[in-house]
Each structure stands twice: as structure tokens, then as C-alpha cells.
Undergrad: 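Got a structure for you, questions after.
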Amino acid sequence: MQIPFLDLKRENESYSDEIEQAIRRVVKSGWYVSGIEKDKFEKEFAEYCQVPYCVGVGNGLDALRLILEGYKQLGRIKNGDEIILPANTAIATALAVSQSQLIPILADCCIETFNISPQSVEESITSKTKAIIAVHLYGQVAPMAELETIAKKYNLLLIEDAAQAHGALLKGKKTGSLGDAAAFSFYPTKNLGALGDGGAVTTNDKNLAYIISSLSNYGSVKKYEHFYKGVNTRLDEIQAAVLSVKLKYLDENNQKRKNIAEYYSQHIKNKHIILPSFDEIESHVFHLYVITCDDRESLETWLSKQNIHTQIHYPRAIHKQSAYRELSRLKLPVAERLQNTILSIPLYPSLKKTEMAKIVDSINHFTF
């Protein structure tokens, strides 16, 4: 039995008829960019995230970048300002900062949850700091209460990178509504995934939403009138239609993810393995189920021999990437430890009970 890390074909089969109907509807309409499907999904996703504004864009990186550019237009940030973000994250979080002519400042992570450490954030603040990007890593809500306290204390913006946490809750509030603005990715592997690239910004700030909508469309909200030096990054009609279909099933699929995570947490029993930690199950939607092992390479090899595919998220912290070699002298011990010990095992809604059982049994029989 081969167990892929993620089977996207199987994942989409359960609503393939609805997806095909949605795509046909767009094709027959003759309108493929910035039409009623995009408007519809933006309204649906804003309501889902419990905010008044959503702007669909081309991808998650652009969503983050447009938030930063929007705040520059509003005078809250200027070129050369510092933005704090976790060292253990997808490189897109840092790239958005760099591409906006801002300075990424890396904070360390919490060893238990893998999320950004509030203590490290506060230690990183200088007179040039203007914002914190809180990444809800692997689907678990970042420590937003502590980060909000810090943000208010130092008059900083608090931005969510919610690319992995669609639908996660903190005391009844959804990701996308927990900070000043939030960036989402709809890359196909996400909890809410399109059939290609896609992204969105959510916010309570009407002015920010207006500026981001304009920036994403060549700096224009009225044809041939350009108020900003914008870019072209719009959620297309087909992807918006597909996302409207899949949004209906997001909470149900997130619950399936939680059920699988609980099964793993109850049945994986191996002294060499540390399981992921979380405070409340509602605050984690398990985009990934990440375990740690001091001899990860042996564990990875063992599971591969059992035909179980795994991945590493992420094998290099940001300051250990060649693209950020100027930060290579930073000492961030938790992020550096994590990059050598973390391993993501298969977890997705269509995972079968027999597959789950084999994964657990294989991990429990691992030794070194």
C-alpha cells in the first residue's frame, strides 16, 4: 500500500461534479477576469472570516505584499522600516517584506507549538519596527493575545499570515479577523485550495481594502484612471468559482483533519517521537501534522521503506536560506533545531482508516 503525502486527485473527487459545473458556468459566461464569480467569493469569504472586506488576488505572496504596500500608501509604513516575522516559515513571508523595500527581522519560535515566540518578538523591536507578521504555522493560531498586547504597547501593526489556517478559531473568532489585516493563500494543497494559484486579503479596514483592491488592478478602481503604481494580481473567475464550491465544505473537512490528528495523537506511542502540541483543538486546523525526531533522517527513510511519503516544512529556516545569506549569522536556536528534527506525515480529509492505521503502526515500530 502506497500512501502519498497528499492525494489532490482524491481530495477533489467528492465535489468534482460541482467544480465542473462551476467551471462550465464561467466558460459559458464569456467573462473571465474580475466578474461576478470573484465578487461572489469575496463576499462569501469575508462573511466566513467574520470581516466586512475581502480582496481576491493572484496568490498568497501577493496578498502579503499588497497589505504592506497598502499600509505604505496609508502612511503607516515607509521604505526601510522593519517588519518582525518568524524564522520558521515559508519563504514567501520574508519575500513579501523584502519585495516591499522593508527589512525582515526574524524572531525565534516556540519549541512546543512551532509558532512565533512573543518573547523573541519583543526582544527584536527597535525604533524602526512597524509591524509584526504572525504566521499561523501548520494550521495553528499564533499566540495572538500576547502579540496583540505587544503590538499595542509599541504601536505596531499586527498582520496575519493565514495561508495555512483557513477556518481556525481563537475564542470564537476566525483567522482573518484576528489582526489588522490577513493574507490567505489558496494554493491547491491548502485547507481551502483552488485548482491553481489564488489568494486573498481580509480586513476590517475599509480604506486599506480600497487601496489593496486598486493596487491589485494596476492601481485603478475605474478603467484608465490610475491612482497608484499598482500591479496585476487578481483572483480569476474560474478559481473564484471553484473556491466558492469548496468553501461550503471547509468546516467539514477541517473537522476531518482534526479527527485524524486526534487519532494520531492518541495512538502514536514511540519514545523517539514528539507529537505536536496545541492548547485548544478549535485553534488548529491541521494543515500539517508535524512530529519531531532527533534522528529525522532515519525516521524518514524508515517510513519511505514502508511506502509512506513524508515532507519537511521547512528544511531550512529563513536565515539559513541562500537568498537571505545576510542574516546567516543570526542565532535562533529553536528554529535551527526545528529545521533538523521536524517531519510532516500524511494528513488530509480523504485519508483512509487503513492508511492512518498503517502510518501509526509504522511510526510505533520505528527505532534507532
Side-chain angles (χ1 to χ4, degrees), residues 1-20 90 114 137-140 163-167 185-198 242 245-246 249-250 252-276 278 284-316 338-368:
M1 181 195 304
Q2 289 275 354
I3 304 178
F5 180 74
L6 174 61
D7 189 335
L8 280 177
K9 183 175 182 292
R10 190 202 296 177
E11 281 291 283
N12 287 316
E13 279 177 350
S14 60
Y15 25 76
S16 61
D17 288 344
E18 289 182 77
I19 289 174
E20 289 172 8
F114 313 131
L137 196 67
Y138 306 149
Q140 180 164 204
Q164 299 182 0
H166 315 69
S185 166
F186 302 126
Y187 187 73
T189 61
K190 305 300 186 185
N191 290 38
L192 179 60
L195 297 186
D197 272 320
V242 169
V245 170
K246 298 180 76 172
Y249 302 97
L250 178 57
E252 177 185 339
N253 285 333
N254 280 345
Q255 186 57 53
K256 290 178 181 178
R257 289 176 179 271
K258 293 176 186 181
N259 293 344
I260 296 169
E262 288 182 319
Y263 177 85
Y264 284 160
S265 295
Q266 291 168 8
H267 292 91
I268 294 176
K269 300 183 186 301
N270 187 316
K271 65 181 181 179
H272 302 299
I273 307 297
I274 299 175
L275 303 179
F278 51 92
H284 205 322
V285 291
F286 294 96
H287 172 60
L288 297 168
Y289 191 91
V290 181
I291 61 178
T292 58
C293 177
D294 286 339
D295 191 353
R296 180 185 62 203
E297 185 176 351
S298 293
L299 175 60
E300 191 177 13
T301 300
W302 165 254
L303 291 175
S304 179
K305 288 180 179 178
Q306 312 309 308
N307 296 317
I308 297 168
H309 297 219
T310 59
Q311 291 188 14
I312 302 169
H313 301 86
Y314 298 93
R316 291 187 184 180
L338 290 176
Q339 71 175 13
N340 296 316
T341 59
I342 52 177
L343 187 68
S344 303
I345 64 174
L347 190 158
Y348 42 96
S350 62
L351 199 64
K352 299 173 184 176
K353 290 182 179 179
T354 53
E355 293 170 328
M356 293 159 52
K358 179 177 178 178
I359 291 166
V360 167
D361 183 66
S362 297
I363 291 174
N364 287 343
H365 281 88
F366 166 73
T367 188
F368 64 88

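The first residue of the sequence shown is numbered 1, and numbering continues consecutively from there.
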Undergrad: Would you call V290 and L343 a side-chain contact if the rule is heavy atoms closer than 4.5 Å?
TA: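 SC-SC contact between V290 and L343 ruled out.
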Undergrad: Please tell me if the side chains of T292 and F114 come closer than 4.5 Å, counting only heavy atoms from C-beta onward.
TA: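 They are in side-chain contact.
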Undergrad: Which residue in the set Y138, F278, Y263 passes ring pair (Phe, Tyr, Trp, His ring centres under 6.0 Å) when paired with F286?
TA: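 Of the listed options, the one satisfying the test is F278.
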Undergrad: Does atom CZ of R296 have more than 12 heavy-atom neighbours, drawn from other residues, nucleotides or ligands, at distances under 6.0 Å?
TA: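 Enclosed.
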Undergrad: Nearest 0.5 Å, please: how far is CG in L303 from NE2 in H365?
TA: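 Between atom NE2 of H365 and atom CG of L303 there are 13.0 Å.
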Undergrad: Is the backbone of E297 close enough, under 3.5 Å, to the side chain of T301 for a donor and an acceptor to pair up by distance?
TA: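 Yes, the answer is positive, given that a donor and an acceptor are paired below the 3.5 Å cut-off.
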Undergrad: Quick one: are I363 and I291 in side-chain contact, heavy atoms under 4.5 Å?
TA: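 Yes. Closest side-chain heavy atoms under 4.5 Å.
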Undergrad: Considering non-hydrogen atoms only, spot the tightest contact between I260 and M356 and give its length.
TA: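 Looking at all heavy atoms of both residues, the shortest contact is CG1-SD, 3.9 Å.
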Undergrad: What's the separation between atom CD in Q255 and atom CG in N259, rounded to the nearest 0.5 Å?
TA: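 Here the rounded value is 4.5 Å.
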Undergrad: For the residue pair I308 and S362, what are the closest heavy atoms and their distance?
TA: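 Smallest heavy-atom distance, with atoms named: CD1-OG, 3.5 Å.
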Undergrad: Considering only NZ, NE, NH1 and NH2 on the basic side and carboxylate oxygens on the acidic side, decide whether K258 and E262 come within less than 4.0 Å.
TA: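 No salt bridge links K258 with E262.
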Undergrad: Calculate, to the nearest 0.5 Å, the distance between atoms CD1 and CD1 belonging to I274 and I268 respectively.
TA: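 Here the interatomic distance stands at 13.0 Å.
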Undergrad: Find the distance between CG (D295) and CZ (F366) and round it off to the nearest 0.5 Å.
TA: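 Between D295 CG and F366 CZ, I get 5.5 Å after rounding to 0.5 Å.
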Undergrad: Nearest 0.5 angstrom please: H287 NE2 to R257 CZ, how far?
TA: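 With rounding to 0.5 Å, NE2 (H287) is 7.0 Å from CZ (R257).
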Undergrad: Using a 3.5 Å distance criterion without hydrogens, assess whether the side chain of N253 forms a donor-acceptor pair with backbone atoms of L192.
TA: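 A pair under 3.5 Å: no.
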Undergrad: What pair of heavy atoms forms the shortest contact from Q306 to K358, and how long is it?
TA: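 For Q306 and K358, the tightest heavy-atom pair comes out as O-NZ, 2.8 Å.
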Undergrad: Determine whether more than 12 heavy atoms belonging to other residues, nucleotides or ligands lie under 6.0 Å from atom CD of E20.
TA: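 Yes, the 6.0 Å shell around CD holds more than 12 heavy atoms from other groups.
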Undergrad: Check whether any side-chain heavy atom of K246 sits under 4.5 Å from a side-chain heavy atom of E18, and report yes or no.
TA: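 A side-chain contact is absent here, since even the closest heavy-atom pair is not under 4.5 Å.
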Undergrad: Give the ring-plane orientation class for H272 versus F368, where under 30° counts as parallel, over 60° as perpendicular and anything between as tilted.
TA: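 Rings of H272 and F368: tilted, 30 to 60°.
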Undergrad: Given side chains that start at C-beta, do those of N307 and I3 come closer than 4.5 Å, heavy atoms only?
TA: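 No, every pair of side-chain atoms sits at 4.5 Å or beyond.
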Undergrad: Could you report the tightest heavy-atom contact between A261 and Y289, atom names first, then the distance?
TA: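 Residues A261 and Y289, closest heavy atoms: O-CE1, 3.7 Å.
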Undergrad: Would you say that more than 12 heavy atoms from the other residues, nucleotides or ligands in this model lie under 6.0 Å from the OH of Y187, or not?
TA: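 Open: at most 12 neighbouring heavy atoms sit under 6.0 Å from OH of Y187.
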Undergrad: Give the minimum heavy-atom separation between C293 and L299, together with the two atoms involved.
TA: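 Scanning both residues completely, I find the closest heavy atoms to be CB-CD2, 3.9 Å.
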Undergrad: Could you pull out every donor-acceptor pair under 3.5 Å between side chains of residues 344-354 and any protein atom, sequence neighbours left out?
TA:
unit_1: S344; atom_1: OG; unit_2: H313; atom_2: ND1; d: 2.8
unit_1: Y348; atom_1: OH; unit_2: P4; atom_2: O; d: 3.1
unit_1: S350; atom_1: OG; unit_2: E11; atom_2: OE2; d: 2.4

Undergrad: Is any side-chain heavy atom of Y314 closer than 4.5 Å to one of Q339?
TA: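 They are not in side-chain contact.
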Undergrad: Working to the nearest 0.5 Å, report the span between CD of Q311 and CZ of F5.
TA: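 Going from CD on Q311 over to CZ on F5, the span is 4.5 Å.
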Undergrad: So which atom in V285 and which in N191 form the shortest heavy-atom distance, rounded to 0.1 Å?
TA: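 It is O-ND2, 3.1 Å.
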